[in-house]
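No hydrogens, no waters, no symmetry mates; every other heavy atom, side chains included, goes into these values.
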Amino acid sequence: MNDPHRKGAPARAHDVRDLLRELFPETHRELFGEQDAARSAPPTLGLYPVADGRLALVHGEQLAEFTPLDPKTRGALHCDLCHYTRSRSEAALYRVQVGARRTRYVTLCTATEGCQKRAGTRGLESLAERIFPIEPTGPDDH
């Protein structure tokens, strides 16, 4: 029986930074800055395939849905994420609704995993900066 409240039980070791972060987040930021807080829990950042050929860009708690468009050109496309030139079969044009009357168009590789590796974190952050924040479009959006 390992009861942590029992006498003689080994105590879990907590770092001072852990305690300050948990109990006094403002003091933690003052002492160690935002960099340390960001390092402890990096936000989620990635491009993920979802149903019907759509993609989802996730950055922290923000989410954008990329809807593929029918090709109107026969030429090669330049990926906005990894900056490689691809054929029509290797890249697609996507539409992203970023506001009530604002839309962005983005060209991305269809093989998202390899594309993200080529672009790296900096490339994903750059794409996220172009898309986010998304403005509320309806009465239920906040």
Query raised in the report: Does the side-chain contact (heavy atoms from CB on, under 4.5 Å) test come out yes or no for Arg74 and Arg88, once each step is laid out?
Result: CA-CA 7 Å; Arg74 293 183 179 181; Arg88 292 286 326 155; 5.6 Å; no

Minimum heavy-atom separation for [X] and [Y], please, with both atom names.
{"X": "Cys109", "Y": "Cys79", "answer": "N-SG, 3.6 Å"}
{"X": "Glu65", "Y": "Arg54", "answer": "OE2-NH1, 2.9 Å"}
{"X": "Pro49", "Y": "Thr112", "answer": "CD-OG1, 4.0 Å"}
{"X": "Ile131", "Y": "Leu57", "answer": "CG1-CD2, 4.1 Å"}
{"X": "Ala91", "Y": "Arg86", "answer": "CB-CB, 3.6 Å"}
{"X": "Glu135", "Y": "Ala100", "answer": "OE1-N, 4.3 Å"}

Report task. Look at the aromatic rings of Phe66 and Tyr94 and report parallel, tilted or perpendicular, splitting at 30° and 60°. Result -> perpendicular

Would you tabulate the side-chain donor-acceptor contacts of residues 120-128 under 3.5 Å, counting partners in other chains and residues two or more places apart, or write 'none'?
none

Given 3.5 Å as the limit, does a donor-acceptor pair link the side chain of [X] with the main chain of [Y], or not?
{"X": "Arg104", "Y": "Arg130", "result": "yes"}
{"X": "Asp80", "Y": "Val106", "result": "no"}
{"X": "Gln62", "Y": "Ile134", "result": "no"}

Requested in this report: Any chance you could pull the hydrophobic cluster mates of Val58, using side-chain heavy atoms under 4.5 angstrom and chaining through other members?
Outcome: Tyr48, Leu63

Query raised in the report: Linking Ile, Leu, Val, Met, Phe, Trp and Tyr by side-chain heavy atoms under 4.5 Å, what else ends up with Leu77?
Result: none

Report task. Rounded to the nearest 0.5 Å, what's the gap from CZ on Arg95 to OG1 on Thr103? Could you check? Result -> 7.0 Å

Query raised in the report: To the nearest 0.5 Å, what is the distance between CG (Leu47) and NE2 (His59)?
Result: 12.5 Å

Check for me, please, whether [X] and [Y] land in the same ILVMFWY cluster - side-chain distances under 4.5 Å, paths through other members count.
{"X": "Leu55", "Y": "Leu69", "value": "no"}
{"X": "Leu108", "Y": "Leu45", "value": "yes"}
{"X": "Leu81", "Y": "Tyr84", "value": "no"}

